[in-house]
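All values below were derived from every heavy atom in this structure, side-chain atoms included, with hydrogens, water molecules and symmetry-related copies excluded. The chains referred to below are lettered A, B, ... by the order of the sequence lines, with proteins before strands, and numbering in each begins at 1.
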Number of protein chains: 2
Amino acid sequence: MADVFEALAAHARRAILDVLRERNGQTLFEICTRLTMRHSITLTRQAISQHLDVLEAAGLVTTRREGRYKFHDLDTTPLKVIVNRWLNPNPTAGEE
Amino acid sequence: MADVFEALAAHARRAILDVLRERNGQTLFEICTRLTMRHSITLTRQAISQHLDVLEAAGLVTTRREGRYKFHDLDTTPLKVIVNRWLNPNPTAGEE
DNA sequence: ATCATAGGCAAGTGGCGACTTGCCTGTCAA
DNA sequence: TTGACAGGCAAGTCGCCACTTGCCTATGAT
């Protein structure tokens, strides 16, 4: 599982998480469309695809393939490391 | 207030937050020492100083000056945007 | 079978951020 | 008042990452 923080570093990737939160299980093209429409992010399909790879490597997005479609689902579980690391009053501090 | 996510992107800055969580109100030199001792991070003083600037710009660190010392305090408040953005069941989604 | 659609692979580019080096300012102790 | 200590400023280097371009594969409709 790659670095969650690095995954969150890019503005476009955060927008993707927002888009997936609006509606789960979208395809690459749907995500591209929504990014353009709702978030004024105009990137090439490949750019978005690469971002999705990063998000998936970080465990923030899971994918399932059906025919020629690939659906993307949001998983916020990795985000809880942030809470556990600094916001938690009784931490298991210092791991990385 | 600068980008909290960008501030969290660097490994060294996350370690600084850990160090400040161990003990609040440390000076630059104390932070440098702890990073070396406890986290095996050997960077120049200036590098750490620049990281602290980024953290302060993001609101994650506050500073107070006393004489020739400058003390650094941790402020985890900005981290809650993460919870509010994706972990919260009822979000105020999409702002940035 | 053929063509449009959904997605993937790979190489290249440009800019930004992390880090260093060198020097300067300010504070306190002797 | 001079020297040690805490910190700041500015410029330069370097590597990585975001993004593009070009082409390829696979699935499904007609």
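Within 4.0 Å of B:Glu66, counting heavy atoms only, lies no atom of the nucleic acid at all. Here A:Gln46 lies in heavy-atom contact (under 4.0 Å) with a base.
We find that CZ of B:Phe5 is positioned 19 Å from C1' of C:dG17, with the value rounded to whole Å. To the nearest angstrom, C1' of C:dA11 lies 11 Å from CD of A:Gln50. Distance, A:Asp3 CG to D:dC16 P: 15 Å, rounded to whole Å. Whole-Å rounding puts the B:Arg64 CZ to D:dA6 C1' distance at 15 Å. As rounded to whole Å, 12 Å separates atom P of C:dT20 from atom CD1 of B:Ile41.
A salt bridge does not link A:Asp18 with A:Arg38: every distance from a Lys NZ or Arg NE/NH1/NH2 to an Asp or Glu carboxylate oxygen is 4.0 Å or more.
The side chain of A:Thr44 lies closest to D:dT20, out of D:dT20, C:dC19, D:dC19. The nucleotide whose nearest atom lies closest to any side-chain atom of A:His51 is, among D:dA6, C:dG7, D:dC19, D:dC19. Of the candidate nucleotides D:dA18, D:dG7, C:dG7, D:dA18 has the atom nearest to the side chain of A:Ala10. For B:Ala47, whose side chain is taken as the heavy atoms from C-beta onward, the closest listed nucleotide among C:dA6, C:dC19, C:dA18 is C:dC19.
Checking the phosphate oxygens (OP1, OP2) of D:dT27, no side-chain nitrogen or oxygen of A:Arg65 falls inside 4.0 Å. The side chain of A:Ser49 places no N or O atom within less than 4.0 Å of a non-bridging phosphate oxygen (OP1 or OP2) of C:dG7. Contact annotation: B:Arg45 does not reach the phosphate of C:dT20 (side-chain N/O to OP1 or OP2, under 4.0 Å). The phosphate of C:dA6 has neither OP1 nor OP2 within less than 4.0 Å of any side-chain N or O from A:Thr27. For D:dA26, the OP1/OP2 oxygens have no side-chain nitrogen or oxygen of A:Lys70 closer than 4.0 Å.
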For A:Arg23 and A:Asp73, run salt bridge (Lys or Arg N to Asp or Glu O under 4.0 Å): C-alpha distance rounded to whole Å, both residues' side-chain angles, the deciding distance at 0.1 Å, then the answer. CA-CA 9 Å; A:Arg23 194 165 81 82; A:Asp73 296 290; over 6 Å; no

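No donor-acceptor contact under 3.5 Å links the side chain of B:Arg68 to the base of C:dC28.
For the pair A:His39/A:Ile16, no side-chain contact is recorded, criterion being any heavy-atom separation below 4.5 Å from C-beta on.
Heavy-atom nearest nucleotides on DNA chain D were determined for A:Gly67 and for A:Arg13, and the one closer to the 5' end corresponds to A:Arg13.
Under the 4.5 Å side-chain heavy-atom criterion for grouping Ile, Leu, Val, Met, Phe, Trp and Tyr, A:Val81 is connected to A:Leu55 within one hydrophobic cluster.
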